[in-house]
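The structure appears below as structure tokens.
Values below: every heavy atom of this structure, side chains too, minus hydrogens, waters and symmetry copies.
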Amino acid sequence: MKTRTRILILGGGFGGIYTALELDRTIGCDPDVEITLVGRENFFLFTPMLHEVAASDLDPTNIVSPVRKLLRRVKFFEGDVVRVDLPSKTAVLRHGSDGHEHEVTCDHLVLALGSVTNFFGLPGVAERARTMKTLADAMHLRNRMIAHLEEADTECACDERRPLLGFVVAGGGFAGVETIAAMNDFVREALPHYPNVKREDLRMVLVHSQEVVLPELGPELGRYAQRKLAERGVEIRTSARVSRVEGDLVRLTDGTTVEARTLVWTAGTAANPMLAELPCMKERGRVLVDPYLRVPGHPGVWAVGDAASVPDGTGGFHPPTAQHAIREGRTLARNVAASIRGEALRPFTFATLGLLASIGRRTGVARILGVNFSGFLAWWMWRTIYLSKLPRFEKKLRVALDWTLDLFFSKDLVQYLDVDAVKPETKPKPALEAAHHG
């Protein structure tokens, strides 16, 4: 009896999902092949739209797609990866309410474990900052902004308004700029509903280590984004970093402080710590692969996305972005299928097509095929391109409907979750909420 070829994909982010989607399409019907995807959640999160959930522009369920609806012929295992043994291509998985473990062995192992937030060991930051990596992060940030507005509107909080309405975002890359723009639009639009809160009580601060934000887009678009954000009341602290958090104070490396109870951290990522334990070559903590996305020295082991350092053919490496992870996943899947069929593999080759960022109030910045765009046109391109990338027609339609309704109605000020679960600072004294990130 012929043994089935087993393919195990560890990780349900862009790299893992698009590997599974392509395998489902190419060899999913083969009865001699068994494909399994392991993920911590049973949905795929479209992270480029997270800030729109935080700003109440989109319903949170509209940017997630159930894995079991995306994949027709791929098995799904919801759980955590505990250990990986490369020589035997074995993974230990944990799941269930009792946290029991399974040992799974396969013929082809795909490492798509992604990255984690890097707080660089800064005092107070890991304990008190919030990240923007998960759906819960976006929902909690939205709830926190509303909770702080509600508290600041009361007479007994008049001495607390400055820290309550102080918001700091660390990191001036795409995530940081889009997050601060969305937060600023949301809170300022909500202010008329809180009569005791004045505009001068609100403070939005973006901290960036370089001279111009959005360095990937170049200085011209970066300066445009800075100018637009500043016009809308966002303070931009360039050439500075967060150095520590002490109570209600966020301290910066330029010696200044910002009084704020909310710090959103988008200033760094690191490779998944589990990768450090693997006996293979690394590049900045990520698994070094060859041009075919294979892990050298370990036949049948592959890596993709943020878990992989993929050579670009010029002595450097491809950036860990979603558009690269999507195409790496597709190439890897085709190479796994070719390996099973005894066919020739194809190297991964891809050049960035474009980069886009939304900076609030229906404006954006974009560089597409080397051409710069800004203003409404760039914002329209951002929405159009990302809508086209969102999986499943149903989700595309729901997001398009949300965006259409947003043209006619104001943002909701309803808290999604239990206030006590997202606002521990109202309990005796802590000033800044602890982060819980996936």
Side-chain angles (χ1 to χ4, degrees), residues 1-39 42-46 65-78 81 84 86 89 91 93 104-114 287 289-296 298-308 310-311 318 320-351 353 388-396:
M1 181 177 178
K2 186 176 180 180
T3 305
R4 300 180 82 185
T5 300
R6 293 164 297 178
I7 304 169
L8 182 64
I9 305 165
L10 304 180
F14 276 94
I17 282 288
Y18 277 88
T19 299
L21 284 168
E22 189 66 14
L23 286 170
D24 194 2
R25 187 186 69 83
T26 54
I27 57 174
C29 291
D30 190 336
D32 295 325
V33 175
E34 178 182 287
I35 309 162
T36 303
L37 173 70
V38 179
N42 75 336
F43 57 82
F44 168 62
L45 172 65
F46 195 72
S65 296
V67 173
R68 295 180 185 276
K69 288 188 175 182
L70 282 174
L71 304 171
R72 294 174 295 171
R73 294 173 288 267
V74 173
K75 294 183 177 181
F76 176 69
F77 184 100
E78 182 181 24
V81 180
V84 177
L86 293 190
K89 294 190 283 293
L93 312 176
V104 181
T105 302
C106 59
D107 301 289
H108 291 273
L109 177 65
V110 179
L111 303 173
L113 294 169
V287 175
V289 298
D290 66 15
Y292 305 97
L293 303 170
R294 300 174 298 189
V295 178
H298 296 279
V301 180
W302 315 72
V304 68
D306 285 3
V310 184
H318 289 285
T321 64
Q323 63 177 297
H324 281 80
I326 290 171
R327 290 161 178 84
E328 287 168 11
R330 290 170 177 161
T331 298
L332 190 155
R334 293 167 191 155
N335 281 343
V336 169
S339 177
I340 293 171
R341 295 166 175 167
E343 300 171 354
L345 308 188
R346 293 186 177 182
F348 175 73
T349 56
F350 176 69
L353 296 175
S388 71
K389 300 298 182 185
L390 187 67
R392 304 184 64 229
F393 175 75
E394 173 194 340
K395 298 298 181 179
K396 288 182 173 68

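Side chains of Leu109 and His298 form no contact here, defined as non-hydrogen atoms less than 4.5 Å apart. When side chains are defined from C-beta on, Leu353 counts as touching Arg327, because their heavy atoms get closer than 4.5 Å. Taking 4.5 Å as the limit, every side-chain heavy atom of Val104 sits out of range of all side-chain heavy atoms of Val38. Taking 4.5 Å as the limit, some side-chain heavy atom of Ile27 sits within range of a side-chain heavy atom of Ile7. The shortest side-chain heavy-atom distance between Thr36 and Arg6 does not fall under the 4.5 Å cut-off.
Nearest heavy-atom pair, Pro320 versus Asp306, reported as atom, atom and distance to 0.1 Å: CB-OD1, 3.2 Å. Scanning all heavy atoms of the two residues, the minimum distance from Gly11 to Leu37 falls at O-CD1, 3.2 Å. Minimum heavy-atom separation, Gly15 to Ala112: C-CB, 4.3 Å. What you find for Gly329 and Val304 is that their closest heavy atoms are N-CG2, 3.6 Å. Looking at every heavy atom in both residues, Glu328 comes nearest to Gly305 through OE1-N, 2.9 Å. In terms of heavy-atom proximity, Pro391 sits nearest to Phe44 at CG-CE2, 3.6 Å.
We find the CG-CZ distance between Leu70 and Arg68 to be 12.0 Å, quoted to the nearest 0.5 Å. Atom NZ of Lys395 sits about 8.5 Å away from atom CG of Leu390, to the nearest 0.5 Å. Atom CZ of Arg334 sits about 15.5 Å away from atom OH of Tyr292, to the nearest 0.5 Å. Rounding to the nearest 0.5 angstrom, the gap separating the CG atom in Leu345 from the CZ atom in Arg294 is 5.5 Å. To the nearest 0.5 Å, atom CG of residue Leu8 and atom CD of residue Glu34 are 9.5 Å apart. Between Leu45 atom CG and Ser65 atom OG the span is 9.5 Å, to the nearest 0.5 Å.
Classification of the His324-His318 ring pair by plane angle, with boundaries at 30° and 60°, yields tilted. The aromatic rings of Phe350 and Phe348 sit tilted relative to each other, their planes meeting at an angle between 30° and 60°.
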Derivation and outcome, side chain to side chain contact (heavy atoms under 4.5 Å, CB included), residues Leu93 and Leu10: CA-CA 10 Å; Leu93 312 176; Leu10 304 180; 4.2 Å; yes

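Applying the side chain to side chain contact (heavy atoms under 4.5 Å, CB included) test between Phe76 and each of Val67, Ile35, Ile9, Leu71 identifies Val67 as the sole match. Of the candidates Ile326, Leu332, Thr331, Tyr18 forms a side chain to side chain contact (heavy atoms under 4.5 Å, CB included) with just one, namely Ile326. Of the residues listed (Val289, Asp290, Asn335, Leu111), the one engaging Trp302 in a side chain to side chain contact (heavy atoms under 4.5 Å, CB included) is Asn335, and it is the only one.
Heavy-atom contacts from other residues, nucleotides or ligands closer than 6.0 Å to NZ of Lys396 number more than 12. Atom CZ of Arg72 sits in a sparse spot, with 12 or fewer heavy atoms from other residues, nucleotides or ligands closer than 6.0 Å. More than 12 heavy atoms of other shown residues, nucleotides or ligands fall within 6.0 angstrom of atom CZ in Arg392.
Side-chain N or O atoms of Arg4 include one that pairs as donor or acceptor with a backbone N or O of Pro31 at under 3.5 Å.
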